[in-house]
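Within every chain, numbering begins at 1; the chains are lettered A, B, ... in the order of the sequence lines, protein sequences first and strands thereafter. All heavy atoms count here, side chains included; hydrogens, waters and symmetry mates do not.
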2 protein chains.
Amino acid sequence: MSQTVDRALSILPLLAEGPADLGQVADRLGVHKSTALRLLRTLHEHGMVYRQSDQRYRLGARLIALAQEAMENLDIRGIAHPHLVRLNEQCGHTVHLAVYEEAEVLYIDKVESRYPVRMYSRIGKPVAITVAAVAKLLLADLPEAERRALADKLDYPLYTARSTPNAPAFLRELDKVREQGWATDLGGHEESINCVAAPIRGADGKVVAAMSVSAPNVVVTADELLTLLPLVRRTADAISGEYSGRTPVKEANTS
Amino acid sequence: MSQTVDRALSILPLLAEGPADLGQVADRLGVHKSTALRLLRTLHEHGMVYRQSDQRYRLGARLIALAQEAMENLDIRGIAHPHLVRLNEQCGHTVHLAVYEEAEVLYIDKVESRYPVRMYSRIGKPVAITVAAVAKLLLADLPEAERRALADKLDYPLYTARSTPNAPAFLRELDKVREQGWATDLGGHEESINCVAAPIRGADGKVVAAMSVSAPNVVVTADELLTLLPLVRRTADAISGEYSGRTPVKEANTS
DNA sequence: ATGGACGTTGCAGATACTGCAACAGACCTC
DNA sequence: GAGGTCTGTTGCAGTATCTGCAACGTCCAT
C-alpha cells in the first residue's frame, strides 16, 4: 500500500538469506542504486540492518531485540512457561509451545530435554507446518474455509516416508485431530523423532496455542511416548484454565 | 532519511511495548490516523505486525522469524555452538555467547545449566551492558574514542550494590578487563549470580564475540567459579582459532 | 433512538521520493 | 605509477507518491 515502505521491508527477507552489498539489493528490488542506498540508510538508523566491515549489509541487532520483546509480550507464553518447565521435570523430554499466525506456526517457547540427545529446533523458528503435531492442532481449529484454502496453498515436502503427502490427506488428518483433541507426529518430520501434542484454549474455546513433548526413538519408543498423553493434556488444560482466567492463579484477591 | 520508512519503522518499537490501536499509533507518531493506517497496512502485508481479534496491532510472526534467520546467519554462532555445548557438559553451568553491535550487546546463544536453578536470560535479549562480563569484554575492545563516547551515553542502573555506578568506574573496569584478557561479573546484575567471561577474536585480533559461564551462589561460590577460568579461556581460544581459519576444523581438504 | 468513538475511503494538493548523471574512492591490471 | 573498473555517494529536477482533510460506515453505550 505504501511503495516506499513496501520496498524497504522487502529488503529484510532478502538480507535474511545472507549479507548483500548495495548493488545486489538494488538489483533484486528493481530500483536504482541511490534509491536502495537511501532505504538502507533509513533501515540502518533504526538498527534493522547492520553494515559489516566489508561494507555489506546484514540484518541488525535491533531486529533481534524487537522480536525478543514481541515474544515476551505474548502473554500466553508467560503463563505457560512454568507449566512447561514442570512437565519437563516430570518426563525429561523436550517441551515446545507454538502459536499460529497468518499461515505460519512458530515455536515461541522450548524447554530442552534432559537427555543428551537433543532435537534441532529453535524458538522463533517456523514449524514444519504439514507434519508437526502442534501445527495440526492449531490448523485443525481454523474455520473450515480458511483451513481448506490454507491446505491448498501449502507445500507438502516429504521429509520422511511418513510425512503428510498432500492436501486431502492433511485435511483428513486435521479432522481426526480436531475430533480426538490431541495430535501426534510419528516420524513425519525426522525419521527417529516422535511427538505428542495437546491444545491450549482461550475462554471462548478457541485454540490459542499448542504444546508438545518430543523425544527420539533411541530414548523412548512411540508407544512409551503415547503413555505421556494424559500428562500432556492435563498440563495443556491447566494452562488453558489459567489463560482464560478460570484459575485465579496463586494470590487470588477475590476474597 | 526517508520519511515514510522512518515513520513506519518507528511503529515497531512502539508496538513492542504492547498492543496498540490505530488512534494510539497515530498520536504517538504525530500523524493523521489515515496515514498511520496505511503504514500499518503495509507493515501488516509484510507480516511485521499482526492484528489481533480486538483490532489492536502487535508485532507479527514474520518479525520473529526474520530475527531467527538473522541469528542463524551469524557464522560465529554456528562455529561456537558445539564448543559451548561441550563446555556446558564439562562444567554443568549456563553458557552464553554475546556480540556487540551499535551500542547494544545481545545474547545470541545459550546453553542451559544442568542444575535446576536457572538464571533468567534469553537469546536475543539485550544484555545489561554496564555490568555483564561479556559486555565488558566487547566494549573494552572498542577504539578509545568510541568507548569513551559510549560510556558517557550509557545509563548506570544500580541493579545491586556491586553494579558499576558511573562512567569513570566503567572505563577503569574496561581498562582492567582489556589488560587481563578476561572479565567477571560478581553479583553486579543479580545479587546471587556470578559470571566469568572470555573474548573470542577474529584473525585480526579484534574481539568479535564473548562467552561466559554463569552460576548462582547457591551452586558454586565465586571462587569456585573462578577456577573455571582457564577452561573458559581455552574454549574461547578454540573458537577464535576456528573462526579465524587457523584451525582447519575436521575435513580439511588442503591435501 | 441517539450520540460518540473508532476505523475506513476518495480526493486534491504538495511534499518527499525517484532516477539520472556526475563525482569520489578503492582496488586491480598492465 | 597511470589507467581502467567497480562500488558507493551526492545534488538536482520532475513527478509519482504520500499526506491530511472531510465525509461515511459501523459498532457500542447511553
Side-chain angles (χ1 to χ4, degrees), chain A residues 1-60 73 101-102 143 146 202-204 206 245, chain B residues 1-60 73 101-102 143 146 202-204 206 245:
Chain A
M1 197 109 246
S2 163
Q3 189 191 59
T4 316
V5 178
D6 186 44
R7 286 173 169 170
L9 294 179
S10 301
I11 292 178
L12 299 178
L14 194 154
L15 291 184
E17 297 169 19
D21 63 29
L22 178 61
Q24 294 170 325
V25 172
D27 280 352
R28 295 203 43 189
L29 275 189
V31 300
H32 197 269
K33 276 189 308 177
S34 58
T35 304
L37 178 68
R38 285 181 280 247
L39 295 175
L40 282 165
R41 273 226 258 265
T42 310
L43 288 169
H44 183 95
E45 275 175 23
H46 286 260
M48 304 294 283
V49 305
Y50 176 70
R51 195 151 201 196
Q52 33 187 40
S53 46
D54 63 353
Q55 291 235 225
R56 291 190 304 167
Y57 294 90
R58 62 169 177 73
L59 296 179
N73 282 345
E101 187 180 311
E102 319 224 15
E146 197 176 337
D204 56 359
K206 272 178 51 182
Chain B
M1 196 110 247
S2 163
Q3 189 192 60
T4 316
V5 177
D6 186 44
R7 285 173 170 171
L9 294 179
S10 301
I11 293 178
L12 299 178
L14 193 154
L15 290 184
E17 297 169 18
D21 63 29
L22 178 60
Q24 294 170 323
V25 172
D27 280 351
R28 295 202 42 188
L29 275 188
V31 300
H32 197 268
K33 277 188 308 179
S34 59
T35 304
L37 177 67
R38 284 182 281 248
L39 295 175
L40 281 165
R41 272 227 258 266
T42 310
L43 289 168
H44 182 96
E45 274 174 23
H46 285 261
M48 304 294 283
V49 305
Y50 176 70
R51 195 150 201 197
Q52 31 188 41
S53 45
D54 63 354
Q55 292 241 284
R56 290 189 305 166
Y57 294 90
R58 62 169 178 74
L59 296 179
N73 282 346
E101 189 180 308
E102 320 224 15
E146 197 175 336
D204 56 358
K206 270 177 53 179

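Nucleotides of DNA chain D nearest to A:T4 and A:K33 differ in position, and the one nearer the 5' end is that of A:K33. Place A:Y57 and A:S2 on DNA chain D by their nearest nucleotides, and A:Y57 ends up nearer the 5' end.
Taking atom CG of A:L39 as the reference point, atom P of D:dT9 lies 13 Å away to the nearest angstrom. Protein atom CG of A:L37 is 19 Å distant from nucleotide atom P of C:dA22, rounded to whole Å. In this structure, NE2 of A:H32 is placed 16 Å from P of D:dG11, rounded to the nearest angstrom. In this structure, A:L43 places its CG atom 13 Å from P of C:dC17, rounding to the nearest Å. A straight line from CG of A:D6 to P of C:dC17 spans 15 Å, rounded to a whole angstrom. Separating the CD atom of B:Q3 from the P atom of C:dT15 is a distance of 11 Å, rounded to the nearest angstrom. In this structure, A:R41 atom CZ and C:dT18 atom P are separated by 13 Å, rounded to whole Å. Atom NE2 in B:H44 sits roughly 15 Å away from atom C1' in C:dG7 (whole-Å rounding).
Residue B:R38 places a side-chain atom within donor-acceptor reach of the base of D:dG20, judged by atom type and a 3.5 Å distance cut-off alone.
Residues B:D54 and B:D21 form no side-chain contact, since every pair of their non-hydrogen atoms from C-beta on lies 4.5 Å or further apart. With a 4.5 Å cut-off on side-chain heavy atoms, A:D6 and B:H46 count as touching. With a 4.5 Å cut-off on side-chain heavy atoms, A:R56 and A:L22 do not count as touching. Residues B:H44 and A:E102 have side chains in contact (heavy-atom distance under 4.5 Å, counting atoms from C-beta outward).
A:R56 comes within 4.0 angstrom of no nucleic acid atom, judged by non-hydrogen atoms across all strands. Within the 4.0 angstrom heavy-atom criterion, base atoms lie near A:S34.
At C:dT18, one or more side-chain N or O atoms of A:R7 fall inside 4.0 Å of OP1 or OP2 (strictly under the cut-off).
Counting only heavy atoms from C-beta on, A:R51 has its side chain closest to D:dG8 among D:dG8, C:dG19, D:dT19.
In summary, B:R58 and B:E17 do not engage in a salt bridge, as defined by a charged side-chain N under 4.0 Å from a carboxylate O.
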